[in-house]
Amino acid sequence: MLLLMRGSGYRRLTSKLPFPNIGLPTWRVPHQHGTRYGLWQAGRAGPRRLSTPVELHPQYQSRKRVVGWWLAGCCGMVAGSVLLGGVTRLTESGLSMTKWHVIKGMRPPRSQKEWEEEFERYKQFPEYKQVHQDLTLAGFKKIFYMEYAHRMWGRAIGLVFAVPAAYFWGKGWVGKSLKPRLVLYTGLILFQGLLGWWMVRSGLKEKPSPTEVPRVSQYRLAAHLGTALLLYSSMLYSSLGLLLPPKISKTPSARLSSLRHWAHGSVAIAFITALSGAFVAGLDAGLVYNSFPKMAGKWVPEDIAAMKPKMKNIFENPTTVQFDHRLLGTTTLAFILGTWAMARGVALAPRARLAVNCLAGMAFLQVGLGVATLLWYVPTPLAASHQSGSVALLSFGLWLMHELRKTIPKL
C-alpha cells in the first residue's frame with residue numbers, strides 16, 4: 001500500500017502527483033530537509049522508500065542534459081549573432097536593408113530587376129548620399145547580404161529556441177524554476193528583434209548637419225547589444241546549471257563568501273565595459289586618439305569636456321567615450337586580477353580553479369586586443385576579435401559564478 005506521511009500519521013494516496021521535470025509517477029513526502037519525491041510503501045517499521053530520489057533517476061538526468069545542451073546551443077547562436085552584428089557594423093553594412101518585415105523580409109532580391117529596385121531605394125537614404133556615392137551594384141550586394149545574414153540569423157535563433165521550448169514544456173520536462181526563465185528568454189528574443197529595427201531606423205533619418213556622418217544612434221546600439229548580452233548571460237548560466245553541477249563546498253568560509261561577491265563583481269564590471277564599447281562603436285570613437293597609454297601625449301585630453309551640458313560628454317563626445325572605455329577596461333583587468341589573487345587563498349574544486357585562471361588570462365588577452373585595435377586604427381578582424389573577447393570574458397566570469405554556487409540547480 002502506498003502512503004503519504006502527514007504529521008504523526010499516514011494518509012493513503014488517492015491520486016498520483018506527477019513530477020513535472022521527468023513525467024514519472026511519483027509521490028511527495030514531507031522530509032526534515034524539505035519535501036522529498038519518490039515511491040514509499042507502508043510497513044511495520046514505518047514507510048519504506050522504494051525508488052531512488054528523482055534527482056538521481058537516469059531519466060531525469062538524461063532529460064536534464066538534453067535541455068541543458070539545447071540552451072547551450074541557443075546561447076552559442078546568440079554569441080554568433082553578437083559577432084555577426086559587430087562585423088556588419090564594421091563593414092558599414094547595417095543600413096543596406098531599408099525595409100523590415102517579419103515574413104517578406106526573409107526573401108532577398110533574386111532577379112536583376114529586383115536588385116536594381118533595391119539599390120535605387122538604398123540611394124534615397126543619407127548613407128549612400130554622403131558615404132557610398134561610388135558604390136556599385138556588385139558592392140551593394142555584398143553589404144546587403146551581410147545585413148541579410150544578420151537578420152536571418154536572428155530569426156533562426158527564435159526558431160531554434162521556440163520549437164524545442166514548446167515541446168519540452170508540453171512534455172512536462174520544464175520545472176517550476178525553469179519556466180519563468182523560458183518566458184523571459186522568449187520576451188527578450190522578441191524584444192531584441194524590435195530593438196534591431198528601431199536601431200536601424202535611427203540611421204536612415206536625415207542628420208541635422210550635412211557634414212554629420214550617417215550612423216545609428218549609439219544609445220539604441222547600446223540597448224541592442226545590452227539585450228543580446230543579457231539574453232546570452234542568462235542562457236549560459238542556466239545551461240551550466242543543468243550540464244555542470246558545481247562541487248558544493250562542505251566547509252564554507254568567510255573568504256569563500258567574499259570570493260563569490262568578487263566573482264559577481266567581475267561579471268558586472270565586464271558587462272558594463274562591454275556596454276561602453278557599444279558607445280565607442282556607435283560614435284566611431286576608436287578613431288579619435290590612436291595612441292596608448294596616453295591620448296595625444298596627455299593622460300587627460302583637452303577636449304574631454306568640450307560639450308555642454310557636461311553630462312552629454314559621457315555618451316556623445318567621442319573623446320570622453322573612448323577615455324571612459326579605456327578606464328573601464330583597465331579597471332576590469334585590475335578587478336579580475338584581484339579576484340584571481342583572492343582565489344589563491346581559497347581551497348577550490350579543480351573546475352573552479354580552472355575557471356578563475358581562464359578569467360584572468362582572458363582579461364589580459366582582451367586588454368591586449370583592445371590596445372592593438374586602437375593602435376592599428378580599428379581594422380575589422382581585430383575589432384571583431386575584441387568584441388568577441390568581451391563575450392568570452394563575460395562567459396568565463398559566469399562560469400566562475402556557477403562553480404561557486406551554494407546549491408545545485410534543478411530543472
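What you see is a predicted model, and the numbers here were worked out from it, not measured in a lab.
Ring orientation note: the planes of F396 and W399 are tilted relative to one another, at an angle of 30° to 60°. Below 30°, between 30° and 60°, or above 60°: for H132 and Y122 the angle between ring planes is between 30° and 60°, a tilted geometry.
No side-chain donor-acceptor contact under 3.5 Å links D324 to the backbone of T319. Remark: the backbone N or O of L328 is paired with a side-chain donor or acceptor of T332 at under 3.5 angstrom. At distances below 3.5 Å, not a single donor-acceptor pair connects side-chain atoms of R220 with backbone N or O atoms of V216. At least one donor-acceptor pair under 3.5 Å links the side chain of S291 to the backbone N or O of A296. Looking at N313, its side chain does come within 3.5 Å of a backbone N or O of A306 through a donor-acceptor pair.
Considering only heavy atoms from C-beta on, F125 stays 4.5 Å or farther from K129 through its side chain. Contact of the I336 side chain with the V356 side chain is not registered, since no non-hydrogen atoms from C-beta on lie closer than 4.5 Å. You'll find the side chain of F144 stays beyond 4.5 Å of the side chain of S93, heavy atoms only. Between K205 and P126, every side-chain heavy-atom pair lies at or beyond the 4.5 Å cut-off. Residues Y289 and R326 have side chains in contact (heavy-atom distance under 4.5 Å, counting atoms from C-beta outward).
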Return all side-chain donor-acceptor pairs below 3.5 angstrom for residues 189-200, not counting sequence neighbours, or 'none' if the list is empty.
residue, atom, partner, partner atom, Å
Q192, NE2, H224, O, 3.0
Q192, NE2, H224, ND1, 3.4

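Tested against L71, the residues L243, L236, L240, L242 include a single side-chain contact (heavy atoms from CB on, under 4.5 Å) partner, L242. Shown are R121, R107, K141; of these, the salt bridge (charged side-chain N to carboxylate O under 4.0 Å, His left out) with E114 is made only by R107.
Counting only residues at least two apart or in different chains, side-chain hydrogen bond (donor to acceptor under 3.5 Å, both in side chains) contacts with residues 341-367 comprise W340-N357, R351-E403, Q366-H386.
Here Y232 pairs with nothing under the ring pair (Phe, Tyr, Trp, His ring centres under 6.0 Å) rule; sequence neighbours left out.
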